[in-house]
Peer 1: 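Structure in structure tokens, see below.
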Number of protein chains: 2
Amino acid sequence: MAKSGAGQIRYTTYRKSRQRKRAADVAGRTAAPAGLNLAALDGLAGFFVRMIQLRMFQRFHARFGKTGLNPGAFCALVAIAANPGVRAGALGDALLIKRPNMTKLADSLERQGLIRRLPSDLDRRSVELRLTEAGRARVAATMPQVLAYEEATLAPLSLHERRILLGLLGKLNDGLAARTAGDG
Amino acid sequence: MAKSGAGQIRYTTYRKSRQRKRAADVAGRTAAPAGLNLAALDGLAGFFVRMIQLRMFQRFHARFGKTGLNPGAFCALVAIAANPGVRAGALGDALLIKRPNMTKLADSLERQGLIRRLPSDLDRRSVELRLTEAGRARVAATMPQVLAYEEATLAPLSLHERRILLGLLGKLNDGLAARTAGDG
DNA sequence: TATTGTTATACTCTATAACTATA
DNA sequence: TATAGTTATAGAGTATAACAATA
């Protein structure tokens, strides 16, 4: 699989003993696991978000790849479950998926028998998305597994820290969404 | 540009008045900006990390795209600056970039005159990466701009919240890195 | 004319396999 | 035999433009 990349970190000794100092060391972080001095990147949320996203998606794929569900497809299913009859465009706006790509995602989910596409009565240009019975069953079966996977993924943090992190991520996401909607 | 996607959220009225309740509402989050009920995804850090990463990269590209620097290239430059002579493979391990892709990234940075590749004396299979003078100038000029961009991006959070978030992200990233290094 | 969804397509990022040169 | 870097290539994921149906 993807074992050749992050799987075998070399622990090179370029600067292995140089501990990273950072103002954000509020939660008892330990030293850097790799042998590089990345202190200059430690103040950048964008760097961490990218790294964590890569690591989490890799873990998600290792855990759920065989079911054919990737994170985006799972989120779409959950969003459709909570918003039956949502238009494809509205779902794409909410999940930051462009219309052509949403069409492909809906194609895939429909081919798997997880959703149905129905033309809207009010606006016959629109397509309403609904889960099939199989889709509901899939969400019901997968959701607890995803929650358990999330718990395991966030294990480096205490329960209290996870709650704080989720709250801050949600607030940041809301703020960024509002700003993006504001300008262009 | 990318105005058709997230730029024009429709504010559809599928469930617009249904406020999201969540246990993680520690920091005064306001209601959902879009018209969809995404409460079921609010407990998933993976969902937020993905959304925030997309929004931050979009902003980064809008701000620095004209300079030819993407987030990955910038991080690589900063990492090389802090670790002069780092091997290409070690840098890729630290930044989760696979070897063939690291070669392409190094090609690009070298073509731009920002780095040099020098065969190692100790192990002549290895290639040591160092910034050129132009590379050092680029990092020196770009770093404060990136820090300012980060400040603006994190504006939805208070200064205290930003520090907490950075600490938690760093701790989570370290923990995930250690675990990934542990198994395979 | 503007919008929804679709199609076709291109571009970026990432992943795999095979090759070289060293070790 | 194993490793570092490279090359070629394939695969996701994501982007733009043009089209038909509808408003």
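Reminder, nothing fancy here: chain letters follow the sequence lines and each chain counts from 1. Keep in mind the model is a prediction, meaning the values are calculated, not measured.
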Peer 1: Given C:dT22, D:dT16, D:dG13, identify the nucleotide with an atom nearest to the side chain of A:Lys98.
Peer 2: D:dT16

Peer 1: I want to confirm an ordering. Mapping A:Lys104 and A:Arg117 to their closest nucleotides on DNA chain C, which one lands closer to the 5' end?
Peer 2: A:Arg117

Peer 1: Output yes when a side-chain donor or acceptor of B:Gln53 lies under 3.5 Å from a complementary backbone atom of A:Gln53, and no otherwise.
Peer 2: no

Peer 1: Let me know the distance between CG of B:Asn70 and P of C:dT12, rounded to the nearest Å.
Peer 2: 11 Å

Peer 1: Measure CD1/A:Ile97 against C1'/D:dA12 and give the value in whole Å, please.
Peer 2: 14 Å

Peer 1: Side chain of B:Asn101, heavy atoms from C-beta onward: which of C:dC13, C:dT6, C:dA15 has the nearest atom to it?
Peer 2: C:dA15

Peer 1: In whole Å, what is the span from the CG atom of A:Leu54 to the P atom of D:dG13?
Peer 2: 13 Å

Peer 1: Measure from the side-chain N and O atoms of A:Asn83 to the backbone N and O of A:Val86, and report whether any donor-acceptor pair falls under 3.5 Å.
Peer 2: no

Peer 1: Base, sugar-phosphate, or nothing for A:Ser126, non-hydrogen atoms under 4.0 angstrom?
Peer 2: sugar-phosphate

Peer 1: Using the closest heavy atom to pick a nucleotide of DNA chain D for each, name whichever of A:Leu122 or B:Ala106 lands nearer the 5' end.
Peer 2: B:Ala106

Peer 1: Tell me what A:Asp123 touches on the nucleic acid: a base, only sugar-phosphate, or nothing, going by heavy atoms under 4.0 Å.
Peer 2: sugar-phosphate

Peer 1: Expressed as a whole number of angstroms, how long is the span from A:Gln53:CD to C:dC13:P?
Peer 2: 14 Å

Peer 1: What is the distance from CZ of B:Arg87 to P of C:dA21, rounded to the nearest Å?
Peer 2: 20 Å

Peer 1: Is A:Arg50 near enough to C:dT14 that one of its side-chain N or O atoms lies under 4.0 angstrom from OP1 or OP2?
Peer 2: yes

Peer 1: Measure the distance from CZ on A:Arg124 to C1' on C:dT6 and round it to the nearest whole Å.
Peer 2: 17 Å

Peer 1: Whole angstroms only, please: what is the CZ-P distance between B:Phe57 and C:dC11?
Peer 2: 22 Å

Peer 1: Considering only C:dA8, D:dT22, C:dA15, which nucleotide approaches the side chain of A:Arg125 most closely?
Peer 2: D:dT22

Peer 1: Quick check on D:dA15: is either OP1 or OP2 less than 4.0 Å from any side-chain nitrogen or oxygen of A:Arg99?
Peer 2: no

Peer 1: Walk me through whether B:Phe74 and B:Phe64 qualify under ring-ring contact (aromatic ring centres under 6.0 Å, His included).
Peer 2: CA-CA 10 Å; B:Phe74 172 73; B:Phe64 298 101; 7.4 Å; no

Peer 1: Start at the 5' end of DNA chain D and walk down; is the nucleotide closest to B:Gly89 or to A:Pro71 reached first?
Peer 2: B:Gly89

Peer 1: Going through the checks in order, is the salt bridge (Lys or Arg N to Asp or Glu O under 4.0 Å) test met by A:Arg162 and A:Glu150?
Peer 2: CA-CA 10 Å; A:Arg162 295 178 214 177; A:Glu150 275 262 335; over 6 Å; no

Peer 1: Run through B:Arg130, B:Arg125, B:Arg124 and flag the one making a salt bridge (Lys or Arg N to Asp or Glu O under 4.0 Å) with B:Glu128.
Peer 2: B:Arg130

Peer 1: Roughly, in whole Å, what's the span from CD in B:Glu128 to C1' in D:dG5?
Peer 2: 14 Å

Peer 1: Quick check on DNA chain C: between B:Asp121 and B:Pro100, whose nearest nucleotide comes earlier from the 5' end?
Peer 2: B:Pro100

